[in-house]
K.L.:
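Just dropping this structure here.
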Amino acid sequence: MKKYIIAFTLLATLPAFALAKKPTKAAEPAAEPAKQEVEEAEPVVTEECVINVSLFNESVKNKQYADAWDPWWQVYTTCPNANKAIYTRGDELVEWKISQTQDEAEYHKFRDLLMELHDKRIKYFGDDPKYPKAYILGLKGVDYCNFYKDDPVKEPAYGWLKESVMGMGNKSQIIVLKTLADLSNARYKSDPDKFAADYITDYQQVSMILAAQGADEANKNRTRALETKDYVDQVFASSGAASCDKLDEIFGPIVQDNINNLDMLNKIMGMFRRVKCTESENYFAAAAAAHKLEPTEESAAGCAKMCMKKGDYKDAVGYYEQAIELSPEDDKEDRAEYLFNIAYIYFDKIKSYQLSRNYLRRSLELMANQGRCYILMGMLYAGSQPYGEGMAPAKAAILNKTVFWAAVDKFQKAKMVDPDVAEDANKLIASYSKYFPTREEIFDLPELQDGASFTVGGWINETTTCRAAKQ
């Protein structure tokens with residue numbers, strides 16, 4: 001140990017060039033360093049290597065790149081297996097070299113060195129459990145995209161990035177995911193017919209991983225993951241690859257070829273749902289096939305939409321009920337959506353208004369700020385006539401107008417809880433207020449006098465305030 005301390009002290013007092021056995025000019029990449037490396041025998045880690053690792057590591061930490069270069073180069077060329085820092089620090093060092101040069105030939109030389117750096121790291125440290133070969137390939141792909149701008153398609157980087165994401169999965173670096181999405185988008189733009197399927201598949205994988213990272217509360221980068229997902233989603237949505245016709249063209253044959261492949265069917269359904277193409281026949285086909293293999297929330301919801309399109313409304317209700325049962329209890333948004341859809345079917349297709357209201361109330365229990373539920377409830381009331389049986393027709397006609405008070409109350413509630421529906425609610429209020437009983441009509445009905453409290457009868461059974469129509 002004493003020998004190492006003395007050696008380090010002496011070496012630290014010498015100028016940087018004295019640390020190297022080769023002259024300063026030799027501390028540059030050879031014309032084709034990768035070929036030379038392939039022929040090398042297993043390097044021996046010497047005492048000098050250990051000292052130089054310490055020297056360049058400290059210098060890079062302090063951003064003293066010029067001081068770090070020579071000891072780093074000595075280690076890189078003589079004992080590249082000495083320490084992982086050769087590569088974690090070397091990446092930063094070589095990028096500094098690239099930033100310093102104005103010469104095109106030197107720029108090319110150093111960017112090639114950067115690629116070789118990743119290859120050597122894979123050779124000597126590719127079995128690292130935390131940063132394996134797949135992780136390193138991601139770095140290599142990102143660096144290639146950053147420094148090989150003269151290559152428009154960047155096919156080598158695409159392969160490295162794909163392999164990296166496949167290998168790292170949800171542990172993929174955000175920059176690697178973003179770079180893969182951007183590169184795949186660029187390839188698609190260069191030849192939509194050739195690369196559309198690749199781009200859609202890549203988007204789906206990247207988006208799913210970013211969503212998983214964003215949902216992980218233990219992930220310190222979850223906010224950045226969600227921001228990157230928003231960016232990737234926006235780029236994909238505006239790319240043209242996301243059109244329903246394009247998805248049908250690409251995935252139609254794939255659905256038929258994978259009719260018994262549950263994993264593939266689920267991925268296809270997820271893709272169609274994310275780009276809002278859930279009215280596609282291929283989405284329905286995938287949902288029906290998946291539901292037969294193993295019913296899930298996604299497949300049940302898909303089958304429900306298929307039944308709606310075919311006019312099988314009772315079957316649609318049944319599938320939505322299954323989707324609710326199969327969905328996680330804490331997934332309030334989706335469950336509220338399914339309940340609202342059932343309510344709409346009972347309102348618009350089956351004409352069972354009381355059942356429709358029951359489902360609307362269940363939906364509101366999950367999410368209280370749904371203005372759409374209150375608007376639909378108001379429409380239910382406005383379309384009802386609870387009075388008539390055993391009553392004088394003239395009186396029944398007046399009392400049936402009280403449903404508009406209850407309806408307008410719901411429209412008022414809608415815009416109170418959900419400003420997004422305020423414009424529609426105001427139009428409905430103006431329209432249905434015209435149908436309130438007139439002062440003349442309520443003259444002989446004391447229970448309907450202005451300002452009185454009144455309970456609308458029948459299945460509605462809602463208490464409201466009496467108001468005469470404005471003349």
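Quick caveat: nothing in here was measured; it's all calculated off a predicted structure.
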K.L.:
Determine whether Leu364 and Met377 make a side-chain contact, defined as any pair of heavy atoms from C-beta on separated by less than 4.5 Å.
P.N.:
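Leu364 vs Met377: side chains touch.
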K.L.:
Taking the six-membered ring for Trp, are Phe236 and Tyr199 closer than 6.0 Å centroid to centroid?
P.N.:
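Between Tyr199 and Phe236, which both carry aromatic rings, the centre distance is below 6.0 Å.
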K.L.:
Can you classify the ring geometry of Tyr144 versus Trp160 as parallel (below 30°), tilted (30 to 60°) or perpendicular (above 60°)?
P.N.:
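If you compare the ring of Tyr144 with that of Trp160, the planes turn out perpendicular.
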K.L.:
How many angstroms lie between atom CG of Asp331 and atom CD1 of Ile324, to the nearest 0.5 angstrom?
P.N.:
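So the CG of Asp331 and the CD1 of Ile324 are separated by 11.5 Å.
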K.L.:
Would Asp233 and Lys229 pass as an ion pair if we require N to O under 4.0 Å?
P.N.:
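The answer is yes: the pair qualifies as a salt bridge.
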K.L.:
Check whether more than 12 heavy atoms from other residues, nucleotides or ligands sit under 6.0 Å from atom CE of Met367, and answer yes or no.
P.N.:
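More than 12 within 6.0 Å, yes.
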K.L.:
How long is the straight-line distance from CG of Asn81 back to CD1 of Ile86, given to the nearest 0.5 Å?
P.N.:
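Between atom CD1 of Ile86 and atom CG of Asn81 there are 7.0 Å.
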K.L.:
Looking at every non-hydrogen atom in both residues, tell me the closest pair between Gly90 and Leu117 and how far apart they are.
P.N.:
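So the minimum-distance heavy-atom pair works out to C-CD2, 3.6 Å.
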K.L.:
Checking Ile175 against Leu139 for the side chain to side chain contact (heavy atoms under 4.5 Å, CB included) test, could you report, in this order, the C-alpha distance in whole Å, the side-chain angles of both residues, the deciding distance, and whether it holds?
P.N.:
CA-CA 9 Å; Ile175 185 62; Leu139 300 179; 5.9 Å; no
K.L.:
Tell me whether Tyr135 contacts the main-chain N or O of Met168 through its side chain, where contact means a donor paired with an acceptor under 3.5 Å.
P.N.:
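Between the backbone of Met168 and the side chain of Tyr135 there is no qualifying donor-acceptor contact (under 3.5 Å).
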K.L.:
For Asp128 and Lys130, which heavy atoms make the closest approach, and how far apart are they?
P.N.:
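Reported closest heavy-atom pair: OD1-N, 2.9 Å.
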K.L.:
Can you confirm whether the side chains of Asn261 and Asn258 place a donor and an acceptor under 3.5 Å from each other?
P.N.:
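Asn258 and Asn261 do have a side-chain donor-acceptor pair below 3.5 Å.
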K.L.:
Ion pair present between Arg273 and Glu298, side-chain N to carboxylate O less than 4.0 angstrom?
P.N.:
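Judged by the 4.0 Å cut-off on N to carboxylate O distance, Arg273 and Glu298 do form a salt bridge.
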K.L.:
How far does CD of Gln412 sit from CG of Leu428, to the nearest 0.5 angstrom?
P.N.:
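Rounded to the nearest 0.5 Å, the CD-CG separation comes out at 11.0 Å.
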K.L.:
Below 6.0 angstrom between ring centroids: does that apply to Tyr346 and Tyr359?
P.N.:
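Yes, close enough.
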K.L.:
Going by the side-chain hydrogen bond (donor to acceptor under 3.5 Å, both in side chains) test, name the single residue among Asp198, Thr179, Thr201, Asp202 that passes it with Ser184.
P.N.:
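Of Asp198, Thr179, Thr201, Asp202, side-chain hydrogen bond (donor to acceptor under 3.5 Å, both in side chains) with Ser184 is met by Asp202 alone.
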K.L.:
For Ile98, is there any backbone N or O sitting under 3.5 Å from a side-chain donor or acceptor partner on Thr101?
P.N.:
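Answer holds: no.
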K.L.:
Ignoring hydrogens and angles, tell me if any N or O in the side chain of Asn219 forms a donor-acceptor pair with the backbone of Ala215 under 3.5 Å.
P.N.:
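Not confirmed, Asn219 side chain does not pair with Ala215 backbone.
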K.L.:
Whether the side chain of Tyr131 engages the backbone of Gly126 through a donor-acceptor N/O pair (distance < 3.5 Å, no angle test) should be reported.
P.N.:
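No: the side chain of Tyr131 does not pair with the backbone of Gly126.
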K.L.:
Should the heavy atoms of other residues, nucleotides or ligands under 6.0 Å from NZ of Lys309 be counted, would the total exceed 12?
P.N.:
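More than 12 within 6.0 Å, yes.
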K.L.:
Side-chain donor-acceptor pair under 3.5 Å between Thr228 and Lys178, yes or no?
P.N.:
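No, because no side-chain N or O of Thr228 sits under 3.5 Å from a partner of the opposite role on Lys178.
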K.L.:
Give a yes-or-no answer on whether the side chains of Asp418 and Asn369 include a donor-acceptor pair shorter than 3.5 Å.
P.N.:
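Judged by distance alone, the side chains do not pair up.
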K.L.:
Side chains of Tyr231 and Asp182: donor-acceptor distance under 3.5 Å anywhere?
P.N.:
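Yes.
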K.L.:
Please round to the nearest 0.5 Å and tell me the distance separating atom OG of Ser190 and atom NZ of Lys154.
P.N.:
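Nearest 0.5 Å value for the OG-NZ distance: 11.0 Å.
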K.L.:
Asn83 side chain to Val53 main-chain N or O, any donor-acceptor pair under 3.5 Å?
P.N.:
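Absent.
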K.L.:
Kindly compute the distance separating CZ (Phe284) from OG (Ser299), expressed to the nearest 0.5 Å.
P.N.:
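Interatomic distance, Phe284 CZ to Ser299 OG, rounded to 0.5 Å: 13.5 Å.
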K.L.:
Between Glu92 and Lys61, is there a side-chain N and carboxylate O pair less than 4.0 Å apart?
P.N.:
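Looking at Lys61 together with Glu92, the answer is no, because their closest N to O distance does not fall below 4.0 Å.
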K.L.:
Decide yes or no for Asn282 and Ile254: does some side-chain heavy atom of the first lie under 4.5 Å from some side-chain heavy atom of the second?
P.N.:
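No. Closest side-chain heavy atoms not under 4.5 Å.
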K.L.:
Holding to salt bridge (charged side-chain N to carboxylate O under 4.0 Å, His left out), I want the full list of residues that pass it with Glu325, two or more places apart in sequence or in another chain.
P.N.:
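Scan of Glu325 (salt bridge (charged side-chain N to carboxylate O under 4.0 Å, His left out), adjacent residues dropped) gives none.
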K.L.:
Backbone N or O of Trp96 within a donor-acceptor pair of the Ser99 side chain at under 3.5 Å?
P.N.:
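Looks like yes, one N/O pair under 3.5 Å.
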K.L.:
Is any side-chain heavy atom of Leu55 less than 4.5 Å from a side-chain heavy atom of Trp72?
P.N.:
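No; the side chains remain at least 4.5 Å from each other.
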K.L.:
Using 4.0 Å as the upper bound for N to carboxylate O, is an ion pair formed by Glu423 and Lys427?
P.N.:
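A salt bridge links Lys427 with Glu423.
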K.L.:
With a 4.5 Å heavy-atom cut-off, do His118 and Asp91 have their side chains touching?
P.N.:
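Contact flag for His118/Asp91 side chains = yes.
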K.L.:
Which residue pairs pass the side-chain hydrogen bond (donor to acceptor under 3.5 Å, both in side chains) test when at least one of the two sits in residues 332-345, sequence neighbours left out?
P.N.:
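Residue pairs with at least one partner in residues 332-345: Glu297-Tyr338, Tyr320-Asn341, Ser327-Arg335, Glu337-Arg372.
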K.L.:
Identify the heavy atoms of Lys415 and Ala425 that sit nearest to each other, and give their distance.
P.N.:
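Heavy atoms only, the tightest pair is CB-CB, 4.0 Å.
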K.L.:
Under 4.5 Å between any side-chain heavy atoms of Ile174 and Asn221, yes or no?
P.N.:
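Yes, at least one pair of side-chain atoms sits under 4.5 Å.
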K.L.:
Please determine whether side chain to side chain contact (heavy atoms under 4.5 Å, CB included) holds for the pair Leu360 and Leu380, giving the CA-CA distance in whole Å, both sets of side-chain angles, and the decisive distance to 0.1 Å.
P.N.:
CA-CA 11 Å; Leu360 289 173; Leu380 292 172; 3.8 Å; yes
K.L.:
Using only heavy-atom distances, determine whether the side chains of Asn358 and Tyr353 contain a donor-acceptor pair under 3.5 Å.
P.N.:
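No, Tyr353 and Asn358 have no side-chain donor paired with an acceptor closer than 3.5 Å.
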K.L.:
Taking only residues two or more places apart in sequence, or in another chain, which ones meet Arg111 in a salt bridge (charged side-chain N to carboxylate O under 4.0 Å, His left out)?
P.N.:
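So Arg111 forms a salt bridge (charged side-chain N to carboxylate O under 4.0 Å, His left out) with Asp150.
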K.L.:
Where does the angle between the aromatic ring planes of Tyr87 and Tyr76 fall among parallel (under 30°), tilted (30 to 60°) and perpendicular (over 60°)?
P.N.:
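Perpendicular.
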K.L.:
For residues 208-325, which residue pairs qualify under disulfide (SG to SG under 2.5 Å), counting only residues two or more places apart or in two chains?
P.N.:
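Checked against disulfide (SG to SG under 2.5 Å) - neighbours excluded - the pairs reaching residues 208-325 are Cys244-Cys277.
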K.L.:
Can you check side chain to side chain contact (heavy atoms under 4.5 Å, CB included) on Leu247 and Val275, steps first, answer last?
P.N.:
CA-CA 9 Å; Leu247 290 183; Val275 296; 3.1 Å; yes
K.L.:
Kindly indicate whether the side chain of Ile136, heavy atoms from C-beta on, has any atom under 4.5 Å from the side chain of Lys140.
P.N.:
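They are not in side-chain contact.
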K.L.:
Is a salt bridge present between Glu155 and Arg187, judged by a nitrogen-to-oxygen distance below 4.0 Å?
P.N.:
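Salt bridge: yes.
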K.L.:
Tell me, with the steps shown, if Phe147 and Glu95 meet side chain to side chain contact (heavy atoms under 4.5 Å, CB included).
P.N.:
CA-CA 9 Å; Phe147 298 109; Glu95 287 188 23; 3.9 Å; yes
K.L.:
Report the residues that fulfil salt bridge (charged side-chain N to carboxylate O under 4.0 Å, His left out) with Asp263, sequence neighbours left out, ordered by chain and then residue number.
P.N.:
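Salt bridge (charged side-chain N to carboxylate O under 4.0 Å, His left out) list for Asp263, sorted by chain: Lys267.
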K.L.:
Using a 3.5 Å distance criterion without hydrogens, assess whether the side chain of Ser59 forms a donor-acceptor pair with backbone atoms of Tyr65.
P.N.:
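Looks like no, no N/O pair under 3.5 Å.
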K.L.:
Quick one: does any side-chain atom of Ser356 pair with a main-chain N or O of Ser352 as donor and acceptor, under 3.5 Å?
P.N.:
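No; judged by distance alone, with no hydrogens or angles, the pair does not exist.
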K.L.:
For Ala218, does its backbone N or O pair with a side-chain atom of Asp216 as donor and acceptor, under 3.5 Å?
P.N.:
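Yes.
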K.L.:
Are side-chain heavy atoms of Glu47 and Val50 found at a separation under 4.5 Å?
P.N.:
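No, their side chains stay 4.5 Å or more apart.
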K.L.:
Determine whether Ser280 and Asp248 satisfy the following criterion, side-chain hydrogen bond (donor to acceptor under 3.5 Å, both in side chains), listing intermediate values before the conclusion.
P.N.:
CA-CA 7 Å; Ser280 160; Asp248 281 334; 2.4 Å; yes
K.L.:
Among pairs that include at least one residue of residues 118-214, which meet disulfide (SG to SG under 2.5 Å), considering only residues two or more places apart or in two chains?
P.N.:
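For residues 118-214: none.
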K.L.:
Is it the case that the side chain of Ser172 and the backbone of Gly169 share a donor-acceptor pair, with hydrogens and angles ignored and the cut-off at 3.5 Å?
P.N.:
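Pair found, side chain donor or acceptor close to backbone of Gly169.
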K.L.:
At what distance, to the nearest 0.5 angstrom, does CZ of Phe272 lie from CD1 of Ile200?
P.N.:
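Nearest 0.5 Å value for the CZ-CD1 distance: 8.0 Å.
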